[in-house]
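One structure is given below, encoded as structure tokens.
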Amino acid sequence: VTSRVYTSYPAGITGHFGDLGDKEFVKRLAEQKFERVIHLAWEGLPNLSEGNNLRNLKTSKQFLEILASSGVEDFQIAGSCLEYGDKTGQVDEGVIGENLTDFAAAKVELLEFVAGLGVAYKWYRIFYAYGPFQHDNSVLSSAFLSAKNGVSLKLSNPNISRDFVYVDDVAKAISRLIETTGVSGIFNIGSGKSTTVKYLVDTLKSKMGFEVQNQAFEESPALTADINKITKTCGWTPEVSIEQGVKKFVDWKDLGTRE
């Protein structure tokens, strides 16, 4: 495991502490002669500015190129559903996105770079993951804080829909694919279903109770994941419903506030 900040890990897990943007540190990592590299980092999220994306793109390219030259046989890398741009409806991995944001364009450029390294890879197009350790500006975190502080939550567009997938399901999908040999390419990781932001917040509201101020907007078409490829490849399907996921999130947040 690589991290900037020193952390103690359980027996059997070795920590390597440094900055992935430090070329000399990455070279030292390469000396370990890893067979497989799992690269999920994208510093600064939820900052999606052009400058932040370019820094992450440069860092990731340098990191992956050095590791590839050291003999790595397999890369596992986090992409994003935003690579589909403004497409709507259910999309499979062959769909080419249009009208990409800076963040999405950076991810697509990194994917093309990885594909040219000559190393087997799996690229995870993760949809709207939610759960523990979400940033404080996320919808669920904001709703939880509103409930705890006794203030109303304002939703500017409650009828917008997303393919929300619980973080435990994402982790299981990646784990299954890591264990599946002989396959490569892009894999969607999502629920395959659209859920409105209003429904997500109302689910939390039913458990905690707080006022929600909804602006009136028509429901907009959603982007959802076609998960046939990952299901056929490794047998993964999402297990956690919205109701279960929100409960898990609330239980986790409650534990943190008590501590």
Side-chain angles (χ1 to χ4, degrees), residues 1-2 13 34-42 45 60-61 63-65 67-68 70-98 100 103-133 161-195 222-242 244-245 248:
V1 177
T2 300
I13 299 178
F34 298 113
E35 295 179 1
R36 172 181 292 152
V37 171
I38 304 168
H39 181 49
L40 308 179
W42 196 269
L45 293 175
S60 292
K61 282 183 173 181
F63 170 71
L64 295 169
E65 185 172 37
L67 269 293
S70 74
V72 169
E73 298 174 1
D74 181 39
F75 284 126
Q76 316 273 328
I77 304 173
S80 168
C81 67
L82 297 183
E83 294 168 52
Y84 292 117
D86 58 5
K87 298 290 186 182
T88 58
Q90 194 167 74
V91 293
D92 63 30
E93 292 82 355
V95 171
I96 305 299
E98 299 175 350
L100 303 183
F103 172 75
K107 283 289 187 180
V108 169
E109 184 175 338
L110 182 60
L111 170 60
E112 293 170 349
F113 179 80
V114 171
L117 288 175
V119 178
Y121 68 91
K122 298 187 184 83
W123 183 272
Y124 307 128
R125 281 197 175 144
I126 302 168
F127 280 63
Y128 289 86
Y130 71 100
F133 298 102
S161 295
R162 296 284 186 253
D163 184 335
F164 293 107
V165 57
Y166 192 67
V167 65
D168 285 2
D169 278 330
V170 175
K172 289 178 182 178
I174 293 174
S175 179
R176 288 272 194 94
L177 282 171
I178 288 172
E179 294 169 355
T180 303
T181 60
V183 296
S184 62
I186 303 167
F187 293 88
N188 285 340
I189 300 178
S191 69
K193 302 175 183 178
S194 65
T195 301
L223 174 76
T224 59
D226 182 332
I227 57 173
N228 283 320
K229 182 178 179 181
I230 187 172
T231 300
K232 291 177 180 177
T233 299
C234 66
W236 176 86
T237 55
E239 300 173 358
V240 181
S241 68
I242 291 293
Q244 292 169 330
K248 287 174 178 284

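- Aromatic ring orientation, Y130 versus Y166: perpendicular (interplanar angle above 60°, classes split at 30° and 60°).
- Looking at heavy atoms from C-beta onward, K122 lies in side-chain contact with V183 at the 4.5 angstrom threshold.
- Two residues are said to be in side-chain contact when any heavy atoms from C-beta on lie closer than 4.5 Å; C81 and Y128 meet this criterion.
- At a threshold of 4.5 Å between non-hydrogen side-chain atoms, the residues V95 and D226 do not count as touching.
- In this structure the side chain of F75 never reaches within 4.5 angstrom of the side chain of H39, judged on heavy atoms.
- The main-chain N or O of G97 is never found under 3.5 Å from a side-chain atom of E83 such that the two would form a donor-acceptor pair.
- For T233 against L177, the heavy-atom pair with the smallest separation is CG2-CD2, 4.1 Å.
- Side-chain N or O atoms of W236 include none that pairs as donor or acceptor with a backbone N or O of I174 at under 3.5 Å.
- Remark: I186 CD1 to D92 CG distance equals 10.0 Å, nearest 0.5 Å.
- Separating the CZ atom in R176 from the CD1 atom in I189 is a distance of 12.0 Å, to the nearest 0.5 Å.
- If you take CD on E239 and CG on D169, they are separated by 6.0 Å, rounding to the nearest 0.5 Å.
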When you look at K87 and E98, which way does the side-chain contact (heavy atoms from CB on, under 4.5 Å) test go after all the steps? CA-CA 7 Å; K87 298 290 186 182; E98 299 175 350; 3.8 Å; yes

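- When all heavy atoms are compared, the tightest approach of L117 to A68 is CD1-CB, 4.3 Å.
- Considering every non-hydrogen atom in both S161 and S194, the closest pair reads CB-CB, 4.1 Å.
- S184 OG to Q76 CD: the interatomic distance, rounded to the nearest 0.5 Å, is 10.0 Å.
- The backbone N or O of I227 sits less than 3.5 Å from a side-chain atom of T231, completing a donor-acceptor pair.
- Rounding to the nearest 0.5 angstrom, the gap separating the NZ atom in K61 from the CG atom in L110 is 7.5 Å.
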Could you go step by step and tell me if W123 and K107 meet the side-chain contact (heavy atoms from CB on, under 4.5 Å) rule? CA-CA 10 Å; W123 183 272; K107 283 289 187 180; 4.3 Å; yes

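- Side-chain contact between L67 and V119 is absent, with no heavy atoms from C-beta onward closer than 4.5 Å.
- Between T180 and C234, the closest heavy-atom pair is OG1-CB, 3.3 Å.
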Begin from the C-alpha positions of F127 and L223 and carry the test side-chain contact (heavy atoms from CB on, under 4.5 Å) through to its verdict. CA-CA 9 Å; F127 280 63; L223 174 76; 3.9 Å; yes

Verify side-chain contact (heavy atoms from CB on, under 4.5 Å) between L111 and R125, making sure each step is shown before the conclusion. CA-CA 11 Å; L111 170 60; R125 281 197 175 144; 3.7 Å; yes

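- Taking every heavy atom of both residues into account, V167 and G131 meet most closely at CG1-CA, 4.1 Å.
- Counting all heavy atoms, side chain and backbone alike, D163 lies closest to G192 at OD2-N, 3.0 Å.
- To the nearest 0.5 angstrom, F103 atom CZ is 5.5 Å from L45 atom CG.
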